Amino acid sequence: MSDGTELEIKFALPENRLFELILQDPELLTLAQNPAPVTRSFEALYFDTPSFALQQNGFAFRVRQEGEDWVATVKNDRQASGGLSEREEWNETVAGPELSHMPFTGTHVGERLKNIIGREKLHLLFSTRFSRTIIQLKTTAGTEIEMALDRGTIWSGLQGSPISELELELKSGSVTELLKLSAGIAGRWHLLPELNSKFARGLELINSNQPGLPDLSRENNRPDADEPTSTSLINSCVAELFAFQNRTLANNAAPDSVRELRIQFRRLRSLIKFCHPTQIKNNGKLHMDRLRQWGLLLGSIRDIDVLTAAWGKFTLHFSPVYSTSTHWQEGIRERREFLAENVIHRIRQGEITQLLLELQGWMYQEQEKQSLLEEGESFGLKVQKSLTQDIKKLRDDIRAVSEIIDMKTLHRVRIRAKQIRYIQESLNHFSRYHDDEFVACIKKIQSHLGKIQDTCQIKSLFDQFDAGKIDEKFALEKELFIGWRSCDMLEYFSTLPRVVADFRRAAKQRLRSLAAIRTSRRTKAGQNAGAHEPVK
């Protein structure tokens, strides 16, 4: 069987009734190529060495019974592209459930498997048993997609974990069409992405049965190429946003999870602005507005959490003057519960999932329109040039920031610092652009300005929930609280010049390293040029 790349989108199906409902979806039935769904049963065995050498090198090895045949499959399980799972795949027909890599001898992956396994022997990790119902779909644009609904169990010893998922695999045609179709399904049936493969969930099951093992279930969703591309940066951020969406649900919109989800929305907006400034102005405004609306909603909850945390510290330090008056606390608690329930409801409805898949579809569509994509070497040059300009401007503007008393100006500087930090953090996953020290310094200046901003907002936030009649004692406590926060702000301002100086030194060093990358590019280009070709 031939080698290939598997490109799919996977959704979790939380209820059994969804299987039949999706199979009867009128919009999907109009695209169906086979007159009736085809259901088949599968049993798969997953293998690795005792030291988990394959897993640690990003490979999954299985042998699966498909009807009368046994098929050995090797997948490179390390690549993810936001909602898309993109994996290299090699398949070979075998006589039975063999514990050997020999069927892949002579293939692209065969020698790599031989070197990874070495003298170790393969042994069974876990097995899966499931039924798969398949419908072949074809969009009006001619893109062919296989829709598969899987129900079954992953087994490790006597412990089992359910399989209940929907997969949409691109067979031929446009990635954009796959993403658009998937976004529609997520919106209609309120689906969330299934972030872990069957292999990853099997490893989780092993970990739960054998405490003390390393974290075998961790899959690497980060790009591992030498050079970033606009697609890899944005898709990686989308993948993390899906993960934080699930954490927000699991933690019932707890303060930390809301904060991280909001940060990820902001990070995604910053990356899109950085990678696709022209496309945003032309036809990407709708997507950016929807991202911004989610940021504002999560920001409302975050403001309440900041106020609540500050009041908690105040009452801890000044308990003798703290009253039992809780009328405003009840109001703020009710407001947060309402906003949090709204966020959880909308996530469960599949709103974020649909939004992100549509966003990815737009991004791939924009790339398909361009005859020359901004990828590889050309995008690397754009990264260096744009990031250099942004850092220079922030470095120059921040020089006099300690003399600024206008909160709006300080806030704008802080926002720009955060945007540069998000870009650099995303680039840190590529060795050529890695710079932890710069991230630490820019995070410090952003955090310092953020504390000043939070302190200024405390009074206005307090006033929003300070309604009705209050006694004199509580009025005094309110003034003491605001005064206490003002003292904090004075301390932040007094240490701001030192933080600014540290940042400017880090920015200078970062600019040097970016210049060195550009110089090495020119040198490499010169070495590759012919004797009669001048280096430009």
Side-chain angles (χ1 to χ4, degrees), residues 6 8-20 22 39-50 52 54-56 58-66 71 73-78 80 83 85 87 89 97 99 122-134 147-169 186 189-221 239 242-252 347-348 350 353:
E6 180 183 63
E8 67 181 18
I9 294 173
K10 187 180 297 187
F11 296 109
L13 297 181
E15 302 176 49
N16 284 331
R17 68 182 185 88
L18 287 175
F19 281 84
E20 297 304 323
I22 291 173
T39 301
R40 301 174 63 188
S41 296
F42 293 94
E43 180 176 358
L45 308 174
Y46 288 80
F47 302 96
D48 205 336
T49 69
F52 299 97
L54 289 175
Q55 192 275 332
Q56 291 177 15
F59 288 98
F61 179 81
R62 78 168 185 228
V63 180
R64 188 166 73 184
Q65 187 174 21
E66 302 179 3
V71 178
T73 300
V74 173
K75 292 187 181 185
N76 183 334
D77 218 23
R78 285 194 168 220
S85 294
R87 299 178 173 93
E89 180 179 319
L99 297 181
L122 294 173
H123 72 286
L124 179 66
L125 292 177
F126 57 87
S127 63
T128 61
R129 295 183 184 90
F130 61 95
S131 64
R132 169 169 289 178
T133 301
I134 298 174
M147 184 176 75
L149 295 98
D150 293 349
R151 282 186 284 191
T153 308
I154 302 171
W155 292 102
S156 175
L158 298 178
Q159 299 295 316
S161 177
I163 297 172
S164 181
E165 59 194 32
L166 164 66
E167 293 182 3
L168 294 161
E169 182 178 350
W189 297 108
H190 310 154
L191 301 181
L192 302 181
E194 174 55 74
L195 301 181
N196 290 328
S197 63
K198 295 181 182 70
F199 176 65
R201 281 176 281 159
L203 294 177
E204 287 180 352
L205 198 58
I206 293 175
N207 279 335
S208 65
N209 292 335
Q210 302 180 44
L213 287 176
D215 185 8
L216 303 173
S217 62
R218 179 170 49 86
E219 291 187 305
N220 182 8
N221 288 332
F242 279 133
F244 284 118
Q245 167 184 257
N246 287 3
R247 290 180 200 175
T248 302
L249 285 179
N251 297 326
N252 199 31
I347 290 177
R348 286 179 174 157
T353 302

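In this text the structure is predicted, and so the values were computed from the model without any measurement.
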Query - Check against side chain to side chain contact (heavy atoms under 4.5 Å, CB included), Arg151 and Leu13 - result: CA-CA 9 Å; Arg151 282 186 284 191; Leu13 297 181; over 6 Å; no

**Report entry** Thr153 vs Thr128 side-chain heavy atoms within contact, under 4.5 Å
**Finding:** no

Query raised in the report: Are side-chain heavy atoms of Thr353 and Phe11 found at a separation under 4.5 Å?
Result: yes

Query - Identified salt bridge (charged side-chain N to carboxylate O under 4.0 Å, His left out) partner of Lys10 from the options Glu165, Glu169, Glu194 - result: Glu165

Requested in this report: Could you tell me whether the side chain of Phe126 reaches within less than 4.5 Å of the side chain of Leu205, counting heavy atoms only?
Outcome: no

Report summary line: So CG of Leu249 and CZ of Arg247: to nearest 0.5 Å the spacing works out to 12.5 Å

Report task. Apply side chain to side chain contact (heavy atoms under 4.5 Å, CB included) to the pair Phe42 and Asp150, showing each step before the final yes or no. Result -> CA-CA 10 Å; Phe42 293 94; Asp150 293 349; over 6 Å; no

Query - CZ on Phe199 to CG on Leu54, rounded to 0.5 Å - result: 8.0 Å

Query raised in the report: Looking only at heavy atoms, what is the nearest atom pair of Ser156 and Leu125, with distance?
Result: OG-O, 4.2 Å

Requested in this report: Nearest 0.5 Å please: distance from the OG1 atom of Thr73 over to the CD atom of Glu66.
Outcome: 7.0 Å

Query raised in the report: Quick one: does Leu18's side chain get under 4.5 Å of Leu191's, heavy atoms only?
Result: yes

Query raised in the report: Do you know which two heavy atoms are closest between Gly160 and Trp155, and how far apart they sit?
Result: CA-CE3, 3.8 Å

Query - Arg201 side-chain N/O to Asn196 backbone N/O, donor-acceptor pair under 3.5 Å - result: yes

Query raised in the report: So do the side chains of Glu167 and Arg132 get within less than 4.5 Å of each other, counting heavy atoms only?
Result: yes

Report task. Please test Phe19 against Thr133 for side chain to side chain contact (heavy atoms under 4.5 Å, CB included), starting from the C-alpha separation and ending with a verdict. Result -> CA-CA 9 Å; Phe19 281 84; Thr133 301; over 6 Å; no

**Report entry** Nearest heavy-atom neighbours spanning Thr39 and Ser131
**Finding:** CG2-CB, 4.4 Å

Report summary line: Between Ala148 and Ile134, the two heavy atoms sitting closest are CB-CG1, 4.3 Å

Query raised in the report: How far apart are the C-alpha atoms of Met147 and Ile22, what are their side-chain angles, what is the distance that settles it, and do they pass the side chain to side chain contact (heavy atoms under 4.5 Å, CB included) test?
Result: CA-CA 10 Å; Met147 184 176 75; Ile22 291 173; 4.3 Å; yes

Query raised in the report: Mind checking whether Tyr46 and Lys198 have side chains closer than 4.5 Å, heavy atoms only?
Result: yes

Query raised in the report: Would you say the side-chain atoms of His123 pair up with the backbone N or O of Asp48, donor to acceptor, closer than 3.5 Å?
Result: yes

